[in-house]
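Beneath this line is the structure, given in structure tokens, with notes to follow.
Chain identifiers are assigned alphabetically (A, B, ...) following the order of the sequence lines, protein sequences preceding nucleic acid strands; residue numbering begins at 1 within each chain.
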Number of protein chains: 2
Amino acid sequence: MSAGHAPLIGFEKHDHKACVTQALVAAEARCAAEGLRLTPVRRKVLELLLQKHRALGAYAILDLLRDAGFGSQPPVAYRALDFLAEHRFVHKIERLNAFVACTHPDETHSPAFMICRLCDAVAETKSSPAKGALGAAARAAGFQIEKTVVEAEGICPSCADKANT
Amino acid sequence: MSAGHAPLIGFEKHDHKACVTQALVAAEARCAAEGLRLTPVRRKVLELLLQKHRALGAYAILDLLRDAGFGSQPPVAYRALDFLAEHRFVHKIERLNAFVACTHPDETHSPAFMICRLCDAVAETKSSPAKGALGAAARAAGFQIEKTVVEAEGICPSCADKANT
DNA sequence: CAAGAGGGGTTATGAAATAACATGCCAAGA
DNA sequence: TCTTGGCATGTTATTTCATAACCCCTCTTG
């Protein structure tokens with residue numbers, strides 16, 4: 001984290017409340033459908049990430065878990081995050097060593113992120129890296145792509161505006 | 001690092017000696033041309049990464065620096081790596097928290113990596129992520145991309161062969 | 001009800017990265 | 001020449017991120 005705040009998700013303001021509930025309901029539905037166990041800790045972590053609407057480090061999440069009465073040792077957070085990430089409810093931002101709730105919950109997608117280097121805001125979008133030069137190189141080399149990490153670093157619209165003032 | 005070894009660079013065997021010297025000479029030339037200072041530590045770190053031909057963590061590099069008579073505290077390695085990465089002589093693999101020597105030294109390129117999840121071998125190729133869906137999303141959002149991280153995780157040809165045996 | 005898997009809790013440790021401060025070198029300008 | 005400032009290096013200490021290993025509980029299943 002570059003400052004005393006966590007990175008925002010998305011660059012546009014929006015009404016946020018329904019979004020959280022809706023995402024939780026969707027997650028519960030998918031877990032039920034797929035036989036996954038959205039246990040209290042896991043649900044809480046997802047809820048926290050959805051509410052904060054920011055990329056949070058595992059230890060920030062841990063603090064929030066403690067406040068909520070859960071265990072406060074690192075493995076508690078990491079295990080919940082591992083589960084959520086494995087099933088695509090959250091994504092890890094490698095660049096920040098932090099986690100964000102997925103904003104495209106229903107789809108099997110290959111996520112890509114835009115990360116503002118000034119304010120650490122993060123926006124998620126989709127990508128198809130395997131269709132371009134990377135995919136061609138992988139085929140040529142005989143490399144089987146299973147997952148891709150695509151993270152763009154730059155300046156978000158908000159910070160660009162501030163700079164132009 | 002998944003095992004007691006560092007990830008190999010590239011999936012194909014090749015004669016490696018000229019490659020190291022050549023890359024060092026090229027780096028020196030570029031530093032001279034651009035007024036950059038390829039100091040002994042920096043040169044040594046680049047040389048180590050070229051020689052090992054693997055992705056090495058900062059602490060592995062630090063051990064090698066110590067053996068070579070340089071300072072052995074983390075900032076020594078990190079500062080050299082920062083310099084080398086800033087000027088594209090090496091790249092950081094976010095997925096592995098490790099560094100590799102650039103294998104396309106002359107070009108201003110947007111690197112992409114293929115990382116084997118079994119043996120941690122790393123191969124570098126080029127990508128143009130900003131030309132696809134990501135670029136479109138960035139333009140739509142008003143996000144200015146400055147740098148992209150593209151890392152594909154999967155199975156390298158060598159490990160795929162072993163699995164089929 | 002035993003057996004076993006999976007989840008969550010703990011302690012402890014390992015690994016990655018940086019903050020803050022001190023020293024030495026060298027080049028530009030007084 | 002002196003000295004001032006920038007930059008690289010070195011050190012100590014600390015912070016941040018992540019996992020190993022172990023215990024116990026609960027649920028399921030035979």
Upstream residue (5' side of DNA chain C) when A:G71 and B:R37 are each assigned their closest nucleotide:
A:G71
Distance in angstrom units between [X] [atom1] and [N] [atom2], rounded:
X	N	atom1	atom2	result
A:E94	C:dA16	CD	C1'	13 Å
B:L56	C:dA17	CG	P	13 Å
A:R95	D:dC17	CZ	P	15 Å
A:F70	C:dG9	CZ	P	7 Å
A:L96	D:dT16	CG	P	15 Å
B:D82	C:dA19	CG	C1'	14 Å
B:I93	C:dA16	CD1	C1'	16 Å
B:L38	D:dA8	CG	P	12 Å

At their closest point, which heavy atom of B:A138 faces which heavy atom of A:M114, and how far apart are they?
CA-SD, 3.6 Å
Correct closest heavy-atom pair for B:R42 and B:L84 would be O-CD1, 3.6 Å
Would you say [X] places a side-chain N or O within less than 4.0 Å of OP1 or OP2 belonging to [N]?
X	N	answer
B:Y59	C:dA16	no
A:Y78	D:dA18	yes
B:N97	C:dA17	yes
A:K44	C:dG8	no
A:K92	D:dC17	no

For the residue pair A:P111 and A:E124, establish whether any side-chain heavy-atom pair is separated by less than 4.5 Å.
yes
So which of B:V100, B:V90, B:L64 actually passes side chain to side chain contact (heavy atoms under 4.5 Å, CB included) with B:L56?
B:L64
Candidate nucleotides C:dG8, D:dT11, C:dA17, ranked by approach to the side chain of A:T39 - the nearest
C:dG8
Side-chain atoms of A:P75 come closest, of C:dT18, D:dT9, D:dA21, to D:dA21
Determine whether a donor-acceptor pair (N or O, by modelled atom type, separation under 3.5 Å) exists between the side chain of A:R117 and the backbone of B:E146.
no
Nearest-nucleotide check on DNA chain D, A:Q73 vs B:R79; residue mapping nearer the 5' end is B:R79
